[in-house]
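One structure is given here, and the rest of the page talks about it.
Quick note: numbers below take in every heavy atom, side chains included, and nothing from hydrogens, waters or symmetry partners. Convention: sequence-line order gives letters A, B, ...; per-chain numbering from 1. Note that the structure is a prediction, hence the values are computed from the model and not measured.
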Protein chains: 2
Amino acid sequence: MPPAPAGRPRQTHAERTDRSDRRMLDAAVELIVAHGPEKTTLKDVGERAGYSRGLAGYRFGSKQGLFEFVVRSVGEQWLQQLTAATAGKTGLAAMHAAIHTHYRFLLADGQHMRAFYILWFSSAGPESDTKNIVLGIDARRRDDVATWVNAANRTRAADQQLDAHAIAGQFGASIIGIAYHWLAHPDDHAGIKQLHDQLVHTMTLYMTQGHSA
Amino acid sequence: MPPAPAGRPRQTHAERTDRSDRRMLDAAVELIVAHGPEKTTLKDVGERAGYSRGLAGYRFGSKQGLFEFVVRSVGEQWLQQLTAATAGKTGLAAMHAAIHTHYRFLLADGQHMRAFYILWFSSAGPESDTKNIVLGIDARRRDDVATWVNAANRTRAADQQLDAHAIAGQFGASIIGIAYHWLAHPDDHAGIKQLHDQLVHTMTLYMTQGHSA
DNA sequence: GTTCCATTTGCTTGCGTCAAGCAAGTATAT
DNA sequence: ATATACTTGCTTGACGCAAGCAAATGGAAC
């Protein structure tokens with residue numbers, strides 16, 4: 001085998017697609033954050049990633065396909081961080097960890113999270129292909145919380161059982177509300193911290209008192 | 001002047017535009033709810049309203065202009081209902097009324113509210129013209145709540161003052177979270193009621209206890 | 001084990017379709 | 001008659017498809 005030429009090392013097919021996928025993901029994130037999904041064009045994504053105007057369309061099939069890919073990719077990264085942060089924890093401790101991780105992720109703000117939530121909210125309309133993915137992540141978040149509550153319930157008296165479904169629902173809705181505030185007011189660091197702290201506080205109240213429905 | 005033909009009575013200019021505005025508003029709402037803002041075209045709005053393909057574009061200038069009009073119109077209706085429901089009330093009573101009114105509005109669901117929130121969330125991205133209107137409504141909502149809290153503060157001891165800004169922030173974020181849940185899960189009536197009830201409960205806790213930060 | 005060719009896969013370019021937006025024209029109210 | 005409501009013709013640009021080129025892969029013959 002000849003030594004790899006300096007300029008462009010020989011690449012396998014898998015390496016090629018991995019490279020182009022990553023570069024197009026980054027390009028898409030930047031464009032979505034800068035101009036919104038509406039004004040993000042497949043042409044610009046391909047060219048900003050260093051390829052032709054047509055590659056994004058070819059690879060992802062459609063604009064929706066591209067957005068689907070972005071949500072899936074970033075969502076996966078996020079879920080990994082989350083599960084790592086809450087590994088081994090249950091009940092209130094797990095919630096605290098989840099909320100804190102969410103807070104840290106929003107502040108770190110490598111743009112990916114911002115594009116993720118922009119697409120998330122854009123999928124609020126009907127018949128969006130990204131909607132199913134978003135709903136999946138949403139449902140999983142709720143399931144996690146419900147599991148934590150149920151675990152806590154096993155250490156509680158029979159007449160002090162918590163409504164896992166209700167608490168999980170409120171947790172999910174609160175996170176969404178916070179994420180929206182973060183999108184709408186990017187510079188309100190104090191407010192974003194406050195909202196997370198208040199969610200911790202509210203969840204603590206719900207989990208430490210005998211509260212039913 | 002010949003007697004007005006039965007089919008179409010002679011109309012003043014104001015009447016004409018009022019009619020076409022209303023019909024196009026309704027058409028836009030239906031299309032947004034049915035297909036999402038993305039797939040809603042100015043052509044379809046004009047034609048569904050019973051006019052030519054070009055009227056919506058001519059009247060509102062652009063697609064963003066149309067959406068702006070929809071958000072403004074529905075938002076105005078909503079604010080009227082809200083101020084009517086909370087007139088004369090302050091503190092916790094006003095919050096209860098506001099939450100209950102919101103809940104009733106979501107359930108009544110004449111599609112207008114659904115289109116309104118779909119556009120609301122679609123404006124989460126940057127540089128959306130509707131964003132300013134949405135932020136205005138959002139800010140006003142927060143101001144209202146802060147005013148209610150401040151009114152309540154006047155009847156409280158100096159060392160028991162509530163953080164109006166923080167409570168208003170949480171109120172606003174919670175409503176957004178609930179609205180998103182309503183959009184994402186239209187048929188989950190129980191969950192939507194529960195979220196409103198929980199917000200009432202949380203606000204009651206915050207307002208009746210000496211809670212700081 | 002090396003060389004050569006068939007095939008697959010990654011990527012680009014050209015074209016048809018359709019919505020947005022503008023400008024010029026027609027119809028209706030004042 | 002004149003201003004205003006509305007329509008129609010046209011341009012621009014994005015999307016998405018299909019045809020084509022280039023690079024990588026798998027095997028067979030040597």
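- Distance A/Leu31 CG to D/dA14 P: 12 Å, rounded to the nearest Å.
- Of the possible donor and acceptor atoms, one in the side chain of B/Ser62 sits under 3.5 Å from a partner among the backbone N and O of B/Gly65.
- Between B/Trp78 and B/Phe116, the distance from one ring center to the other does not fall under 6.0 angstrom.
- Taking CG of B/Leu66 as the start and CD of B/Glu68 as the end, the distance is 10.0 Å to the nearest 0.5 Å.
- A/Lys39 has its NZ atom 15 Å from the P atom of D/dG13, to the nearest Å.
- Among C/dA19, D/dT7, D/dA14, the nucleotide with an atom closest to any side-chain atom of A/Lys43 is D/dA14.
- Remark: side-chain polar atoms of A/His181 are not paired, donor with acceptor, to backbone N or O of A/Gly177 under 3.5 angstrom.
- One can place CG of A/Asp44 at 11 Å from C1' of D/dG13, the figure rounded to the nearest angstrom.
- Note: CG (A/Leu66) to C1' (D/dA14) measures 14 Å, nearest angstrom.
- As rounded to whole Å, 16 Å separates atom C1' of D/dA24 from atom CZ of A/Arg19.
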Solution key, residues 25-35 of chain A side-chain donor-acceptor pairs under 3.5 Å, sequence neighbours excluded:
| unit_1 | atom_1 | unit_2 | atom_2 | d |
| --- | --- | --- | --- | --- |
| A/Asp26 | OD1 | A/His112 | NE2 | 3.2 |
| A/Glu30 | OE1 | A/Arg48 | NH1 | 2.2 |

Do any N or O atoms of the protein come closer than 3.5 Å to N or O atoms of nucleotides 21-27 of chain C, and which pairs are they?
| unit_1 | atom_1 | unit_2 | atom_2 | d |
| --- | --- | --- | --- | --- |
| C/dG21 | OP2 | B/Lys63 | N | 2.9 |

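- Put simply, B/Thr17 has no side-chain N or O that comes within less than 4.0 Å of OP1 or OP2 on D/dT4.
- Residue B/Asp18 contributes atom CG, which lies 15 Å from atom C1' of C/dA29 at whole-angstrom precision.
- Rounded to whole angstrom, the span from the CG atom of A/Asp21 across to the P atom of C/dT9 amounts to 16 Å.
- Rounding to whole angstrom units, CD of residue A/Glu15 and C1' of D/dA24 are separated by 11 Å.
- Remark: B/Ser20 is in phosphate contact with D/dC6, judged by side-chain N or O atoms under 4.0 Å from OP1 or OP2.
- Residue A/Met113 holds its CE atom at 6.5 Å from CH2 of A/Trp182, rounded to the nearest 0.5 Å.
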Could you give me the CA-CA distance, side-chain angles and deciding distance for B/Tyr180 and A/Trp120, then say whether side-chain hydrogen bond (donor to acceptor under 3.5 Å, both in side chains) is met?
CA-CA 11 Å; B/Tyr180 178 82; A/Trp120 180 297; 3.1 Å; yes
